[in-house]
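Below is one structure, written out as structure tokens; the observations come after it.
All figures in this text were calculated on a predicted structure; none of them were measured in a lab. Indexing begins at 1, ligand by ligand and atom by atom, following the structure's order.
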Amino acid sequence: MNLQQPDLSVRLGSLELKNPVMAASGTFGYGREFESLIDLNLLGAIVVKGLSLEPIPGNPPPRIVETPCGMLNAIGLANIGLREFIEEKLPWFQGLDTQVIVNIYGHSIDEYGELANALKGVEGVSALEVNISCPNVELGGMVFGKDPEVSARVTEKVVSNTDKPVIVKLSPNVTDICVLARAVEDSGADIISLINTLTGMAIDIETRFPKLANISGGLSGPAIKPVALYQVWQVVNTVKIPVIGIGGITDYRDALEFLIAGARAIQVGTANFVNPHATLDIIEGLRGYCLEKGIDNINDIIGSLKT
Ligand SMILES: Cc1cc2nc3c(=O)[nH]c(=O)nc-3n(C[C@H](O)[C@H](O)[C@H](O)COP(=O)(O)O)c2cc1C
């Protein structure tokens with residue numbers, strides 16, 4: 001046993017990470033924004049801001065509100081679009097020694113397929129993360145990820161149009177997340193990540209207007225951690241494919257809870273806004289915990305929950 005250097009590497013199907021810590025989509029820009037703040041090569045993976053086929057300006061401001069132990073956002077999936085990402089952003093990633101995961105979303109099932117197809121064979125993209133928490137124009141604005149049948153069709157579409165591992169990211173805003181997890185696993189997803197934000201709102205009592213121009217937004221940060229942890233644990237016990245835990249992870253202790261519950265890796269979102277070093281602090285914390293407990297491989301912790 002080499003106690004000086006515990007092995008933090010994890011494997012999620014064909015996706016290999018040097019450690020289980022990733023930066024979550026929408027909270028880390030296109031990676032480069034953090035270049036002067038942290039050594040990006042130390043990360044397990046970077047998940048880039050959600051990309052659509054065409055650029056999207058997003059919702060009008062105000063689109064972010066601080067809440068007790070968290071934040072509400074209604075960014076409206078603002079992004080530069082796939083073409084600009086491939087031409088302007090992706091080449092820079094080639095010099096990095098970390099996995100790059102591209103988060104995609106479409107307004108129709110075909111659009112998901114087109115996005116996956118456009119990224120087929122593109123070097124430097126390690127996996128696709130499919131965000132199904134957005135309104136489906138084909139179904140009159142209903143969110144894809146609330147309907148198991150539609151989630152399954154999106155998954156099938158992406159899987160049949162890509163040569164990369166497919167991570168499907170689940171929404172917590174459903175009655176039984178296990179039904180959705182089963183549907184995407186049965187449709188060929190390689191990995192499941194969860195949770196995306198929980199829908200909420202806030203009101204300014206002086207003006208009596210909603211604090212977000214969009215009225216509602218997605219709640220993230222420490223406030224959602226217990227909900228996220230429970231849903232991750234439920235999904236881990238439902239599917240056979242690897243699971244990535246997301247939601248309110250701020251320090252290594254939070255990360256450990258998700259790993260013990262059975263998540264094979266974790267993503268850090270809102271914490272990046274508070275502490276740009278959060279991801280690296282978590283990696284160091286995991287290393288320290290393993291050393292302290294005499295654990296030489298992080299995989300020994302994963303799924304070790306006692307009940
Ligand atoms: C400002 C902001 C933008 C986000 N944008 C995306 C996105 O484009 N695609 C996506 O799948 N998730 C997006 N998310 C959700 C996060 O990736 C993550 O699932 C969620 O915030 C819960 O994790 P956290 O509590 O660590 O932030 C966004 C979250 C925030 C706060």
Side-chain angles (χ1 to χ4, degrees), residues 21-31 33 45-52 55-59 61-82 85 101-107 112 115 127-135 143-145 151 154 158 166-173 177 191-200 212 214 216-229 231-232 243-252 254-255 257-258 263 265-276 278-279 281-282:
V21 181
M22 314 179 176
S25 179
T27 65
F28 215 71
Y30 299 101
E33 292 84 341
I46 296 171
V47 188
V48 300
K49 173 69 190 162
L51 285 171
S52 51
I56 290 189
N59 289 325
R63 47 192 201 177
I64 283 185
V65 172
E66 205 168 323
T67 59
C69 293
M71 63 182 272
L72 280 167
N73 92 80
I75 302 293
L77 297 163
N79 77 97
I80 58 173
L82 185 70
F85 174 75
I101 298 172
V102 174
N103 181 287
I104 56 167
Y105 76 91
H107 295 100
Y112 278 98
L115 278 156
L128 303 181
E129 183 177 61
V130 186
N131 179 7
I132 51 173
S133 310
C134 45
V143 171
F144 285 95
S151 302
V154 171
V158 174
V166 174
I167 306 166
V168 178
K169 183 168 178 177
L170 300 184
S171 163
N173 303 311
I177 197 137
I191 301 164
I192 287 174
S193 63
L194 75 154
I195 60 173
N196 210 315
T197 52
L198 280 155
T199 306
L212 292 169
N214 188 56
S216 68
L219 183 65
S220 62
I224 70 169
K225 198 194 81 180
V227 177
L229 187 60
Q231 294 204 349
V232 165
V243 172
I244 300 170
I246 321 168
I249 298 175
T250 303
D251 62 23
Y252 77 92
D254 297 331
E257 286 191 64
F258 281 83
I266 58 102
Q267 293 182 11
V268 181
T270 301
N272 294 308
F273 298 134
V274 183
N275 169 19
T279 44
D281 291 351
I282 290 171

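At least one heavy atom of G248 sits less than 4.0 Å from an atom of ligand 1.
Residue I64 has no N or O atom closer than 3.5 Å to an N or O atom of ligand 1. At under 3.5 Å, a nitrogen or oxygen of G50, whether backbone or side chain, sits near a nitrogen or oxygen of ligand 1. Not one N or O of E129 is nearer than 3.5 Å to an N or O of ligand 1, by distance alone. Residue K49 has at least one nitrogen or oxygen atom sitting less than 3.5 Å from a nitrogen or oxygen atom of ligand 1, judged on distance alone. Considering backbone and side-chain atoms together, F273 places no N or O closer than 3.5 Å to any N or O of ligand 1. Considering backbone and side-chain N/O of T197, none are found under 3.5 Å from N/O of ligand 1. Between A24 and ligand 1, not a single N/O pair is under 3.5 Å apart. The shortest N or O to N or O distance between T270 and ligand 1 is under 3.5 Å. Residue contacts with ligand 1: T27 is placed with no nitrogen or oxygen under 3.5 Å of a nitrogen or oxygen of the ligand (distance criterion only). The distance criterion of under 3.5 Å between nitrogen or oxygen atoms is not met by L77 with respect to ligand 1.
Applying the side-chain contact (heavy atoms from CB on, under 4.5 Å) test between I167 and each of V47, L128, I244 identifies I244 as the sole match. Residue S220 forms a side-chain hydrogen bond (donor to acceptor under 3.5 Å, both in side chains) with just one option from N196, T270, T197, and that option is T270.
Close contacts between ligand 1 and N196 involve ligand atoms 10 (C), 11 (O), 12 (N), 15 (C), 19 (O) [criterion: under 4.0 Å to a heavy atom].
With I249, I246, V268 as candidates, the residue nearest to atom 23 (O) of ligand 1 on a non-hydrogen basis is I246.
Not one N or O on the side chain of N59 forms a donor-acceptor pair closer than 3.5 Å with the backbone of A78. When atom types are taken as modelled, the side chain of Y112 and the backbone of V130 share no donor-acceptor pair closer than 3.5 angstrom. Looking only at distances, no side-chain donor or acceptor of N275 sits under 3.5 Å from a matching main-chain atom of N272. Using a distance-only test at 3.5 Å, with no hydrogens or angles considered, no donor-acceptor pair links the side chain of S52 to the main chain of G50. Between the side chain of N131 and the main chain of N103, no donor-acceptor pair closer than 3.5 Å is present. In this structure, the side chain of E257 does not engage the main chain of A255 through any donor-acceptor pair within 3.5 Å.
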Take S193 and E129 through the side-chain hydrogen bond (donor to acceptor under 3.5 Å, both in side chains) test and state the conclusion after the steps.
CA-CA 8 Å; S193 63; E129 183 177 61; 2.8 Å; yes
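The side chain of N73, and not its backbone, has at least one atom closer than 4.0 Å to an atom of ligand 1 (non-hydrogen atoms only; side chain from C-beta on).
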